[in-house]
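First up is the structure itself, then whatever we jot down about it.
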Protein chains: 2
Amino acid sequence: MRISELSERTGVPVPTIKYYLREGLLPEGDKRTPRLTEYDDRHVRRLGLLRVLRDVGDVPVEGLKRLVAAAETRGTVHDLFAVAADALAPTPPAPGPGRAETRAMADAIIAHAGWDRVREDSVDRDNLAATLEMVGSFDTHPRDPAEIAPYVAMADRLARHEIANLDDHKDRVGLLEEMIVGQVVFASVLTTLRRLAEEHHSHERFAEDQRD
Amino acid sequence: MRISELSERTGVPVPTIKYYLREGLLPEGDKRTPRLTEYDDRHVRRLGLLRVLRDVGDVPVEGLKRLVAAAETRGTVHDLFAVAADALAPTPPAPGPGRAETRAMADAIIAHAGWDRVREDSVDRDNLAATLEMVGSFDTHPRDPAEIAPYVAMADRLARHEIANLDDHKDRVGLLEEMIVGQVVFASVLTTLRRLAEEHHSHERFAEDQRD
DNA sequence: ACTCCTTGGATAGTTATACTGTCTTCGACG
DNA sequence: CGTCGAAGACAGTATAACTATCCAAGGAGT
């Protein structure tokens, strides 16, 4: 199919497709002649994936590039997932004062959760530390590990559930896609559900509460 | 204190403070004379709150404005929380074809969860529908309610936990702040923890898996 | 009283991200 | 055999969130 058909089938404008091609997010089509390139279902699929990640997951184009590069990772599927996790994680902000402590706290949280398969140099160790650091400077929440425990437990269940539910018939890139889409989509869904649940549950405690 | 001191104490540059003042995110200081305005701890605190929401929660300035407006809501604390939830929620994207169905599905999910205190016109009903719609167009995930059930359960626990943990000694705005910071910070923490947990748990299943 | 510094206030400029539009050439298809 | 659309290069736009400049004037230190 030509680029215009690819555009119609995916709803992505032609200029945007060209942009993604330039950025290397979309593989080149089959160049039959210098003036005619043939795109196929893999392009339709990839474009769909890119749009879900951008629209639902707010993954920046930079992150998509990292993800595309990560898909090339050799080794086990576990290795692949680890590299993809780093690609999907935001780049940690520069450390401020107190990062050493929060990094230690982050490591402690991970160790306490029993997540001993997490690489020492996982980007998310720093991301966790950075969040703790930023929140720490805002007095209200002293953030001790105990307060975070329920979230660790949730994350653990979530991850187990998602890993267990992956379709075993797929190839490595298929698994990667399913993992990524699940992570990104359900993050969004969970955030929304949580706000909804909070609205509901606040009724119990605060429906009559008129305090100043 | 003067604006320069406010800046030093919070780490927020003076021009940014001016910007927030213009946008109405920060209340005006006490204007002693036309050339001297006095800021106090409330400003320090508010600025800290704004920075946490922006840096950790990626809340857009537009959302911060809605939140500031929401804080004026009269009525019960429950009403206040509901309005704030809408302020914090992203504005739902324009409905595409199929939105009617996904909206019905969203309503069904909420009803099935037993969240009968959620307003009919909560913005998040549409957000949930919009997400389902976008994902629906990406073939892989047919998204039936059963698949979402675990997430509903998680959201429910999370919300109960957070509502229950709010400090009862605070005034309405204090409660609101605690709720918002908790929501935003723990959303970020949970996302990071989930990626970490997934890296750990993928080991069990995929450490040996070399598939193509 | 005299500088010199800083503030408040207005307005304009900057950076980053993610597209979107225009232009040109030229081959493909009817 | 003429015109329509594709490819490719490159420039332009939109938005968000700041950031910088300018100016007049009040205040602080001497």
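Because the structure is predicted, anything quoted here is derived from the model rather than measured. Naming convention: chains lettered A, B, ... in sequence-line order (proteins, then strands); numbering from 1 in each chain.
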### Query
Nearest to the side chain of Arg22(B) - dT7(C), dA12(C), dG9(C)?
dA12(C)

## Note on the structure
His43(B) atom NE2 is separated from dG8(C) atom P, nearest whole Å, by 11 Å

### Message
It should be established whether Lys18(A) places a side-chain nitrogen or oxygen under 4.0 Å from OP1 or OP2 of nucleotide dT22(C).
### Response
no

#### Entry: Presence of salt bridge, Arg211(B) and Asp171(A), under 4.0 angstrom
no

### Message
Tell me which residues in residues 53-67 of chain B lie within less than 4.0 Å of DNA chain C, going by non-hydrogen atoms.
### Response
none

### Task
Would you grab the first and last nucleotide of DNA chain D (5' to 3') that comes under 4.0 Å of any non-hydrogen atom in chain A?
dA6(D) to dC10(D)

### Summary
Residue pair Pro13(A)/Thr33(A) against DNA chain C: nearer the 5' end by closest nucleotide is Pro13(A)

### Task
Over 60° means perpendicular and under 30° means parallel, so classify the ring planes of Tyr151(B) and His161(A), tilted if in between.
perpendicular

### Query
With a 3.5 Å cut-off and just heavy-atom distances, do the side chain of Arg35(B) and the base of dT7(C) make a donor-acceptor pair?
yes

### Query
Rounded to the Å, how far apart are Lys31(A) NZ and dA28(C) C1'?
17 Å

### Query
In chain order, what residues pass the side-chain hydrogen bond (donor to acceptor under 3.5 Å, both in side chains) check against Arg42(A), with sequence neighbours excluded?
Asp40(A)

### Message
Strictly distance-based, threshold 3.5 Å: is any side-chain N or O of Arg51(B) a donor or acceptor partner for the main-chain N or O of Arg46(B)?
### Response
no

### Task
Using atom CD of Glu23(B) as one end and atom C1' of dT11(C) as the other, report the distance to the nearest whole Å.
14 Å

## Note on the structure
OH (Tyr39(B)) and CZ (Arg2(B)) are apart, to the nearest 0.5 Å, by 12.0 Å

#### Entry: Along DNA chain C (nearest heavy atom to each residue), the more 5'-positioned of Thr16(A) and Val14(B)
Val14(B)

## Note on the structure
In whole angstroms, the gap separating C1' of dG9(C) from CD1 of Ile3(B) amounts to 10 Å

#### Entry: Length of the line joining Leu6(B):CG and dT7(C):C1', which is rounded to integer Å
13 Å

### Message
Between Asp156(B) and His200(A), is there a side-chain donor-acceptor contact under 3.5 Å, judged purely by atom types and distance?
### Response
no

